[in-house]
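The chains referred to below are lettered A, B, ... by the order of the sequence lines, with proteins before strands, and numbering in each begins at 1.
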Amino acid sequence: MRVIAWLVEGTWPACVDAVRAHAPEDAEVTLLHVTGEDAPALAQGALAGLLGRAARPVRDPGERVAELSGASARELLDAAAARLGRACVRQERTGRAEREVVTAAEGAGLLVLARDGERRRLGPHSLGPAARFVVDHAPCPVLLVWPEEAPGLGTLPPSPPPPPHRR
Amino acid sequence: MPVVPPAPPRSPVGFHVGHHRSRPIDPVDPVAEDRALNTPLAEALSVVLLVAVLAGAVVRPFGLPEAVTAVPAAGIAVATGAISLDHARAEAERLGPVVGFLAAVLVMAHFCDVEGLFRACGAWMARWAAGRPRRLLTAVFALASVITAVLSLDATVVLLTPVVFATAARMGARPKPHVYACTHLSNTASLLLPVSNLTNLLAFAASGLSFTRFVALMALPWLAAIGVEYVVLRRFFARDLAAAAPPPNPAEAPRLPLFALVTVVCTLAGFVVASALGVEPAWAALAGALTLAGRALICRRATVRTVVKAAAPAFLAFVLSLGVVVRAVVDNGLGSALRHVLPDGTGLPALLALAALAAVLANLINNLPAVLVLLPPAASSGVGAVLAVLLGVNIGPNLTYAGSLATLLWRRILHRHGHGVDLREFTALGLLVVPGALAAAVVALWGALRVL
């Protein structure tokens with residue numbers, strides 16, 4: 001069985017811990033990180049918007065950001081592998097995170113991901129658009145973990161009043 | 001056909017319409033005589049030249065610098081008489097100090113980077129943030145606003161953005177909100193000083209304001225616009241900012257780039273002193289640039305060639321040529337047409353309308369040509385109108401990716417970066433920020449104009 005963990009900045013330690021706790025001993029573990037293309041493109045666009053600067057002997061900030069993102073992805077995967085403490089495959093992808101994750105999860109036995117939404121107000125928004133997309137389209141079972149300790153039952157909202165005709 | 005006499009050359013401090021009344025119009029005026037083309041034809045030719053300059057700057061055939069199309073275009077405008085030699089010279093004389101000022105600021109920013117100022121900025125942001133993404137955003141706002149204001153928006157785009165990205169990544173924070181903050185602030189926070197943006201230098205030259213008065217009038221709009229940006233970005237990226245980053249690696253204390261800091265502070269003080277003494281503040285910028293470049297030369301961290309390259313002569317030639325071509329377009333009819341269209345007066349509604357119009361135009365034809373086109377008619381309505389136009393052309397570009405000239409540019413960028421940025425997200429954020437920031441800044445400007 002192949003277990004794949006989607007690691008995102010800020011929430012990845014919870015995913016690694018979940019793999020340690022729930023992946024079978026003999027499972028092949030893949031740690032996946034997806035680098036977005038938006039940061040380099042944003043930097044590039046900001047320079048492109050400044051008319052007349054192409055002749056300036058400056059390095060394109062988009063290229064610098066792209067290089068830096070590659071390096072930081074490798075650092076994140078190294079830290080995650082160290083935290084996991086067992087054999088694993090590291091996978092770096094570039095593109096739209098949600099689509100890359102679904103593609104990478106093809107044929108896997110389990111996909112582990114962390115909530116990426118607003119977690120101060122529990123409810124639908126605790127899943128951001130990317131995680132929502134992955135949960136909806138995952139081609140395998142999904143293990144969805146809290147980035148921090150799971151909330152207690154006390155956080156449940158009060159039950160709604162019964163509909164008028166049942167009063 | 002009636003012979004329309006050309007407008008007189010502008011005075012170096014502003015565009016004063018009505019000035020020509022004091023000068024009798026001589027039927028054999030040498031200026032009128034060298035005008036080989038009649039006005040509609042000249043206007044058509046000027047517009048074609050302007051389109052060629054903009055297309056050349058956007059498409060850059062064979063990767064040639066923008067000046068390669070712009071300089072010949074300006075030459076054609078002068079040779080065909082679309083703009084008289086006198087007017088071209090007046091425009092060059094007006095833009096000369098602006099371009100020199102710009103060159104000095106570019107050199108200063110370059111050598112501040114060589115001195116390690118931007119690396120130190122990264123370390124300061126990381127320390128202040130202490131692993132918390134929301135605090136990092138606050139730090140990015142503070143530093144990007146100051147760097148943009150003092151060392152110009154080019155410095156924020158080219159030098160600070162990669163540093164901010166690296167800081168966020170090293171901290172384990174999601175970089176997108178912080179990179180967005182940099183790119184947005186490079187526009188929004190470029191309101192404060194005449195040196196913050198090339199558009200400001202142009203408006204500064206046209207307005208006839210002193211350096212200190214310009215800053216005094218723009219301080220409130222600057223703060224208001226940044227405040228709106230901060231509130232909107234915090235909410236828009238709440239999800240990304242909520243993701244707690246793992247405890248950061250203990251950051252090594254950065255080496256303080258004392259020389260660069262002292263030089264920059266002295267240059268700022270020099271601006272104020274020069275302005276009080278009635279000296280061109282560009283001289284203070286030149287002194288700052290020479291100090292930083294001189295030190296780099298002595299320490300053998302630079303050669304004369306790198307200093308000249310840092311001043312970007314081809315960019316300066318582009319700005320001058322663009323100015324001449326736009327002047328031809330304005331002189332041959334656009335100026336008087338715009339004077340009828342532009343809202344007149346200095347009331348709040350007029351300022352709001354002007355700023356909105358400038359923002360829209362900046363998104364259609366990019367803010368540099370937009371400000372060149374709008375300044376002459378705005379200058380005749382007074383300082384308030386000039387600064388309102390400036391708010392529009394500086395804040396407006398956050399609305400569309402790459403500040404628009406949309407399709408051409410988009411195509412060119414696509415070649416470089418696959419699919420890149422999420423245009424829907426970019427535009428949604430722009431629609432949330434720009435109207436609010438623009439309105440707040442214009443109201444602040446209106447208030448400042450009444451009080452100061």
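Top candidate by heavy-atom pairs under 4.5 Å with chain B, chosen from A/Ser72, A/Ser69, A/Gly36, A/Pro147, is A/Ser69.
Contact annotation for A/Leu42: both backbone and side-chain heavy atoms come within less than 4.5 Å of a heavy atom of chain B. Residue B/Tyr180 touches chain A through both its backbone and its side chain, counting heavy-atom pairs closer than 4.5 Å.
With sequence neighbours excluded, no residue forms a salt bridge (Lys or Arg N to Asp or Glu O under 4.0 Å) with B/Asp113. Partners of B/Ser196 by side-chain hydrogen bond (donor to acceptor under 3.5 Å, both in side chains), not counting sequence neighbours: none found.
Each of A/Leu31, A/Val34, A/Leu32 was checked for a side-chain contact (heavy atoms from CB on, under 4.5 Å) with A/Gln91, and the lone residue meeting it is A/Leu32.
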Item to check | Intermediate values then yes/no, side chain to side chain contact (heavy atoms under 4.5 Å, CB included), A/Arg64 and B/Phe165 | outcome: CA-CA 10 Å; A/Arg64 268 179 82 184; B/Phe165 179 88; over 6 Å; no
